[in-house]
Protein chains: 2
Amino acid sequence: MQDKLITTLKNNGYSLTKTRQALFSALLSGKPRTMRELTLDLASVMDRASIYRTVALFEELGIVVRVQQGWKYKVELSDKFSPHHHHLNCTQCGKILSFNEPAGFEKIINNLAEAHLFHLSGHTLELQGLCHNCQTKPTA
Amino acid sequence: MQDKLITTLKNNGYSLTKTRQALFSALLSGKPRTMRELTLDLASVMDRASIYRTVALFEELGIVVRVQQGWKYKVELSDKFSPHHHHLNCTQCGKILSFNEPAGFEKIINNLAEAHLFHLSGHTLELQGLCHNCQTKPTA
DNA sequence: ATATTTTTGCAAATATGTCGCAATTCGTGC
DNA sequence: GCACGAATTGCGACATATTTGCAAAAATAT
């Protein structure tokens with residue numbers, strides 16, 4: 001997977017640096033991270049500004065995407081670097097579960113796009129709710 | 001539609017004030033707005049802090065929702081105040097088409113949430129692509 | 001190893017979001 | 001319409017998040 005990172009960077013005229021590697025590694029687990037989490041985790045490795053710059057660059061190159069979570073967003077590897085999926089966001093504890101393209105979903109949106117003469121290039125599907133844990137706990 | 005706003009406020013023990021009216025009006029067009037747009041548009045009418053407070057209140061009362069649009073969030077009237085819909089975003093000209101819940105969609109996500117022990121409270125579905133016009137034009 | 005170009009760290013500037021409190025506005029009863 | 005208590009707002013001060021300029025450091029090509 002590192003290979004793909006290098007390729008993507010080189011192809012676009014960017015070099016592989018320690019900081020870019022570090023950010024990439026931090027995201028490899030697959031868990032979406034808030035900027036705050038990233039800056040805390042990577043504080044010893046790179047400057048806050050560099051994190052922002054690198055995330056922005058990665059987003060431009062399609063290496064990462066930002067997923068919305070209520071008011072905040074989290075950063076995660078894009079579909080190119082981790083399998084295409086969607087999210088179940090727990091509105092209480094902030095946990096994010098991932099799930100694959102549901103059966104029949106593709107067909108539905110394709111029909112839809114066709115009906116509107118759209119040529120689809122991508123889509124996002126985010127579900128909000130309470131995870132199992134938070135359903136039993138009282139509202140914090 | 002103003003009626004519904006008043007009712008919602010009264011039912012929850014809040015009063016209709018100029019600022020609440022102003023924010024509501026600003027959103028009536030149906031277009032999602034960033035906080036920045038709102039603070040700029042309403043600068044002459046109300047204070048920044050009040051906008052945040054009012055948006056928060058409106059969200060609590062289910063009058064507005066914050067939706068992902070690009071990477072920042074935007075505020076728009078909730079389904080209760082404007083019909084539930086989703087968006088087709090043209091990545092070239094920025095046009096946004098709205099469409100209703102596709103048939104079969106509800107069932108799919110309900111099954112999914114159930115499988116993950118989630119209790120759904122909402123969802124977002126955004127499609128990206130090229131609108132009819134932009135498909136024929138050269139890349140700008 | 002050196003020159004050239006890119007990238008980073010640092011510190012300062014902006015932007016975004018919150019908070020406490022006095023001043024104002026709202027809804028109500030007269 | 002006026003007076004009153006309660007709810008709401010504006011203001012200024014914070015706290016946090018994000019961006020920017022620029023000199024120093026790291027990467028690339030020779």
Side-chain angles (χ1 to χ4, degrees), chain A residues 2-3 5-27 32-61 63-76 91 94 140, chain B residues 2-3 5-27 32-61 63-75:
Chain A
Q2 287 275 110
D3 323 357
L5 171 65
I6 301 177
T7 309
T8 306
L9 287 171
K10 296 278 154 125
N11 284 350
N12 290 278
Y14 296 100
S15 49
L16 177 68
T17 65
K18 280 180 190 167
T19 59
R20 287 173 187 161
Q21 226 169 251
L23 176 64
F24 187 75
S25 301
L27 292 171
R33 303 287 168 75
T34 61
M35 274 298 173
R36 169 157 259 271
E37 288 166 340
L38 286 176
T39 52
L40 290 178
D41 289 356
L42 298 173
S44 59
V45 186
M46 62 197 290
D47 189 72
R48 225 183 28 255
S50 293
I51 298 181
Y52 279 96
R53 280 189 284 233
T54 307
V55 167
L57 174 66
F58 278 14
E59 189 182 33
E60 224 180 281
L61 300 182
I63 297 171
V64 304
V65 294
R66 311 191 198 218
V67 303
Q68 211 59 22
Q69 233 236 318
W71 292 56
K72 310 273 172 134
Y73 65 88
K74 295 189 175 182
V75 180
E76 75 171 357
T91 53
Chain B
Q2 286 276 111
D3 322 356
L5 171 65
I6 300 176
T7 309
T8 305
L9 287 171
K10 296 277 155 126
N11 285 349
N12 289 279
Y14 296 100
S15 50
L16 177 69
T17 64
K18 278 179 191 166
T19 60
R20 289 175 185 158
Q21 227 169 250
L23 176 63
F24 186 77
S25 299
L27 292 170
R33 302 287 168 75
T34 61
M35 274 296 173
R36 169 158 260 273
E37 288 167 339
L38 286 176
T39 51
L40 289 178
D41 288 357
L42 298 173
S44 59
V45 186
M46 61 198 289
D47 187 72
R48 206 155 45 88
S50 292
I51 297 180
Y52 280 95
R53 282 188 285 234
T54 307
V55 168
L57 175 67
F58 277 13
E59 191 182 32
E60 223 179 283
L61 299 183
I63 296 170
V64 304
V65 293
R66 310 190 196 223
V67 300
Q68 170 179 9
Q69 201 93 161
W71 119 24
K72 312 251 174 168
Y73 68 80
K74 295 190 176 181
V75 179

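This one's a predicted model, so the numbers in the text were calculated from it and none came from an experiment. Throughout, protein chains are lettered first and strands after them, A, B, ... in sequence-line order, and every chain is numbered starting at 1.
Scanning for side-chain contact (heavy atoms from CB on, under 4.5 Å) contacts around A:Val75 gives A:Leu27, A:Met35, A:Leu38, A:Val55, A:Val64, A:Tyr73, with sequence neighbours left out. Take A:Glu60 and apply the side-chain hydrogen bond (donor to acceptor under 3.5 Å, both in side chains) test, not counting sequence neighbours, and it matches no residue. Qualifying side-chain hydrogen bond (donor to acceptor under 3.5 Å, both in side chains) partners for A:Arg33, counting only residues two or more places apart in sequence or in other chains: A:Ser29.
Rounded to whole Å, the distance from CG on B:Leu57 to C1' on D:dA7 is 12 Å. Rounded to an integer number of Å, the gap from CE of B:Met46 to P of C:dT24 is 18 Å. The distance between atom NZ of A:Lys74 and atom P of D:dA17, rounded to the nearest whole Å, is 14 Å. Summarising the geometry, the separation between CG on B:Asp47 and P on C:dC21 is reported as 17 Å, rounded to the nearest angstrom. One atom, CD of B:Gln21, and another, P of D:dT8, lie 14 Å apart when rounded to the nearest Å. Rounding to whole angstrom units, CG of residue B:Leu61 and P of D:dT8 are separated by 10 Å. To the nearest angstrom, P of C:dT7 lies 12 Å from CD of A:Glu60. One interatomic measurement links the two molecules: CZ of B:Arg20 to P of C:dT24, which rounds to 19 Å at whole-angstrom precision.
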Give me, pair by pair, the N or O atoms of the protein and of nucleotides 28-30 of chain D that are less than 3.5 Å apart, along with how far apart they are.
none

Dump every N/O contact between nucleotides 14-16 of chain C and the protein below 3.5 Å, one line per pair.
| from | atom 1 | to | atom 2 | distance (Å) |
| --- | --- | --- | --- | --- |
| C:dT16 | OP1 | B:Arg36 | NE | 3.4 |
| C:dT16 | OP2 | B:Arg36 | NE | 3.3 |

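Listed by first and then second residue, the side-chain hydrogen bond (donor to acceptor under 3.5 Å, both in side chains) pairs that reach into residues 7-18 of chain B are B:Thr17-B:Thr19, sequence neighbours excluded.
Considering every non-hydrogen atom in both B:Glu37 and B:Pro32, the closest pair reads OE1-O, 4.1 Å. The two residues A:Ala26 and A:Leu42 have their closest heavy-atom pair at CB-CD2, 4.2 Å.
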Can you give me every donor-acceptor pair (side chain of residues 44-51 of chain A, partner residue at least two apart or in another chain, under 3.5 Å) with its distance?
| from | atom 1 | to | atom 2 | distance (Å) |
| --- | --- | --- | --- | --- |
| A:Asp47 | OD2 | A:Ala49 | N | 2.9 |

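When heavy atoms are screened at a 4.0 angstrom cut-off, A:Val55 is found touching no nucleic acid atom at all.
Note on A:Thr17: every side-chain N or O is 4.0 Å or more away from OP1 and OP2 of C:dT7.
Among the nucleotides D:dT8, C:dC10, C:dC26, the one closest to any side-chain atom of B:Lys18 is C:dC26. Considering only the side chain of B:Arg53, C:dC21 comes nearest among C:dC26, D:dA27, C:dC21.
One finds the CZ atom of B:Arg53 at 10.0 Å from the CZ atom of B:Arg20 (value rounded to the nearest 0.5 Å). Note: A:Tyr52 OH to A:Leu23 CG = 12.5 Å, rounded to the nearest 0.5 Å.
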